[in-house]
Amino acid sequence: MMYDERLPGFDLPCNLIARATVLANEVAWPADLALRVVDHVVQNGSAVVGVELWQSVGNQPKWIASSDFYCDDALSPDAYRQCCANGARQFINRWQHDPGSLFNLAWIDWP
């Protein structure tokens with residue numbers, strides 16, 4: 001495990017950090033790795049609360065789309081994390097074939 005200051009207070013496996021694309025001091029992954037990040041985040045007790053689809057343009061992120069899934073925070077913590085993970089996975093899977101797609105994820109500790 002390794003900590004990277006661009007990731008919100010969270011340790012990720014070194015191979016996921018090493019394979020991240022850094023754009024404007026933010027990290028993003030291609031679809032296959034973004035799905036692995038979602039799995040790791042959930043397994044470690046956090047919830048993915050948003051995903052953005054980017055493309056790299058001149059080492060800067062070009063925003064393409066944002067996820068819009070909703071999960072009721074009245075759900076149990078496990079159910080909330082799973083609901084968020086499902087929404088994140090659906091968004092990533094929907095856009096995974098977009099040329100040059102990179103996914104930036106936002107997650108929070110829950111609870």
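Glu52 CD to Trp63 CH2: the interatomic distance, rounded to the nearest 0.5 Å, is 8.0 Å. From Asn104, atom CG reaches atom OG of Ser67 across 10.0 Å, with rounding to the nearest 0.5 Å. In this structure, CG on Leu16 lies 5.0 Å from CZ on Arg36, to the nearest 0.5 angstrom. Rounding to the nearest 0.5 Å gives a distance of 5.0 Å between OG1 of Thr21 and CG of Leu102. Taken from CG in Leu33 to CG in Leu105, the straight-line distance is 11.0 Å, to the nearest 0.5 Å. The line from CD of Gln90 to CH2 of Trp95 is 14.5 Å long, rounded to the nearest 0.5 Å.
Sulfur atoms SG of Cys83 and Cys71 are positioned under 2.5 Å apart.
At least one side-chain heavy atom of Ile92 sits less than 4.5 Å from a side-chain heavy atom of Val51. Looking only at side-chain heavy atoms (C-beta outward), Ser101 and Gln55 stay at 4.5 Å or farther from each other. Put simply, the side chain of Ser46 does not reach to within 4.5 Å of the side chain of Trp110, judged on heavy atoms. Residues Phe91 and Leu53 meet the side-chain proximity criterion, which asks for heavy atoms closer than 4.5 Å. Side-chain contact between Lys62 and Trp54: absent, with no pair of heavy atoms (C-beta onward) separated by less than 4.5 Å. Residues Asp39 and Gln43 form a side-chain contact, since some pair of their non-hydrogen atoms from C-beta on lies under 4.5 Å apart. Between Trp29 and Leu35, the closest side-chain pair of non-hydrogen atoms is not below 4.5 Å. Contact of the Gln60 side chain with the Leu23 side chain is not registered, since no non-hydrogen atoms from C-beta on lie closer than 4.5 Å.
Heavy-atom neighbours of Arg94 CZ from other residues, nucleotides or ligands within 6.0 Å: above the threshold of 12.
Between Arg81 and Asp78 there is a salt bridge, since at least one side-chain N of the basic residue sits less than 4.0 Å from a carboxylate O of the acidic one.
Closest of all the heavy-atom pairs between Gly87 and Phe69 is C-CD2, 3.5 Å. The two residues Val48 and Trp107 come nearest to each other via the heavy atoms CA-CB, 3.9 Å. Heavy-atom minimum distance, Asp72 versus Ala74: OD1-N, 2.8 Å.
Connection of Val38 to Leu75 is not established within any shared hydrophobic cluster, with ILVMFWY side chains joined at heavy-atom distances below 4.5 Å, either directly or through further cluster members.
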